[in-house]
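Numbering starts at 1 and runs along the sequence shown. Order of appearance sets the numbers: ligands from 1, and atoms from 1 within every ligand.
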Amino acid sequence: MNTQDVLSMFGQYVIANYGRLPKVITRGQGNMLRDLEGNEILDLFPGWAVSGIGHCHPKVVAAICKQAGELLHIDNTFYTIQQGQLAKLLSERAFGGKTFFCNSGAEANEAAIKLARRHTPREKYKFITAEKSFHGRTLAAVTATGQPKYHEGFLPLPAGFVYVPYNDIDALHQAFDEEVAAVMIEPIQGEGGINEATPEYMQTIRDLCDEHGALMVLDEVQTGMGRTGRWFGYQHYEITPDIMTMAKALGGGVAIGAMMARSEIAASLIPGTHASTFGGNPLACAAGIAVIEAIEEDNLLDNAQKMGDYLRTRLEQLKEKYPIIDHIRGKGLMVGVQLNMPGAKIVSRCLEKGLRVNCTQETVLRLMPSMTITQAEIDKAITILDTVLAEGQQA
Ligand SMILES: *Cc1c(COP(=O)(O)O)cnc(C)c1O
């Protein structure tokens, strides 16, 4: 089979709900991908932030191979060591909460929405979320997502969602009333274009939630698992959430989602209130445990911080050369390059030259390299980006 054969197979049999790049990927190792034609691609956006410690990390591969030989799946009618251990490791690295496991970010946010409604008094049913946020594609999660383009064609949406401009403290005060069950927010908006919450904003959310008996829910699906240089994005602030959701990098490439809640709140999910058939199965949890161990054994939180700083320094140098770059923002390995024109062409020209980056909100190049990225790999990426930007200037 060649690339064209695979593309035709998709044309005939796979629902075309994604805008895909015309490449068939056959291998991934560390920060490199290989396509069906044998071309190598340096991946600065591995798996949309899923492959947070690189593709096929040897420790994750070893852990899932071992687990696959022992027990792939068992339903939540029973206990497993792996689910308990992963919950413990997460709790110790976050705020000491208890965890419910599911299979994706959207599901983790659904769980958070259901828990917040169930835990708070009946008259509290509203969720305040931010404009440009992204919380997933299931009906409640997409309604929480403050981007009208994702709501088109799906009306009527579930009731009770209120949107406020991100980082706007006055708007938050105005939106708050006694009907608010929770505020759901990303510490750094990913899909929304790498927008960081200010410390004052996070503190205001915390204070307003406490004042009104509402819950502070942080969506750490993209910011979590070390990407920003700390385990979770909220750890750059002086606040603690009531509920936090995770997915993406948590399984190192294996599907898993998780919602952690403070114990008193978690107690509201009694048997029968919520469930997931696949959630927290031993394969996914073995992968999650291996991810956490790899991050600690290889000092990857440090590396994320250092390499993030290095990447931003190199990008600042490009900014001096190319007026198309407006500014650089982000934390750790969550980096946005704000352009003053659309970036889609840059993404496809980089790919032709063997570099994968992403563009979001039309004008923001999003670079989210794995936490195993090296200085040499960043240099290589910058060289390609430099060439592409130079060509763009001539054109
Ligand atoms: C990707 C993402 C989600 C959705 O996760 P899925 O696994 O695709 O359901 C939710 N929230 C944030 C912040 C995300 O980046």
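At least one N/O-N/O distance between Asp219 and ligand 1 falls below 3.5 Å. At under 3.5 Å, a nitrogen or oxygen of Lys248, whether backbone or side chain, sits near a nitrogen or oxygen of ligand 1. Any N or O atom pair closer than 3.5 Å counts here, and Gln222 shares at least one such pair with ligand 1.
Shown in contact with Gly136 at under 4.0 Å from a heavy atom are these atoms of ligand 1, numbered in order with element: 4 (C), 10 (C). Which parts of ligand 1 touch Asn109 is read off a 4.0 Å heavy-atom cut-off, strictly below it: atoms 10 (C), 11 (N). Residue-ligand proximity, Ser104 to ligand 1, at heavy-atom distances under 4.0 Å covers atoms 7 (O), 9 (O).
Of the charged side-chain nitrogens involved, none lies within less than 4.0 Å of a carboxylate oxygen, so that Arg312 and Glu316 do not count as a salt-bridged pair. With respect to the salt-bridge test (charged N to carboxylate O, under 4.0 angstrom), the residues Lys59 and Glu297 qualify. A salt bridge does not link Asp35 with Arg27: every distance from a Lys NZ or Arg NE/NH1/NH2 to an Asp or Glu carboxylate oxygen is 4.0 Å or more. Between Lys353 and Glu391 there is a salt bridge, with a side-chain nitrogen of the basic residue lying less than 4.0 Å from a carboxylate oxygen of the acidic one.
Taking the ring centre of Tyr150 as origin, the terminal cationic atom of Arg137 falls inside the region bounded by 6.0 Å and 45° from the ring axis.
Looking at Glu186 against ligand 1, only its side chain comes within 4.0 Å, counting heavy atoms.
Atom 9 (O) of ligand 1 has Ala106 N, 2.7 Å as its closest protein atom, hydrogens excluded (heavy atom only). Atom 5 (O) of ligand 1 has as its closest protein heavy atom Gly105 CA, 3.3 Å. For atom 12 (C) of ligand 1, the closest non-hydrogen atom on the protein side is Phe134 O, 3.3 Å.
Between the CD atom of Gln375 and the CZ atom of Arg314 there is a distance of 8.5 Å, given to the nearest 0.5 Å. The line from CG of Leu311 to CD1 of Ile378 is 5.0 Å long, rounded to the nearest 0.5 Å.
Per-atom contact check: atom 15 (O) of ligand 1 touches the protein, criterion being a heavy-atom distance below 4.0 Å.
Glu191 does not count as a contact of ligand 1, since none of its heavy atoms falls under 4.0 Å from the ligand.
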Decide side-chain contact (heavy atoms from CB on, under 4.5 Å) for Val183 and Phe127; before the verdict, give the C-alpha distance in whole Å, the side-chain angles of both, and the deciding distance to 0.1 Å. CA-CA 6 Å; Val183 177; Phe127 294 93; over 6 Å; no
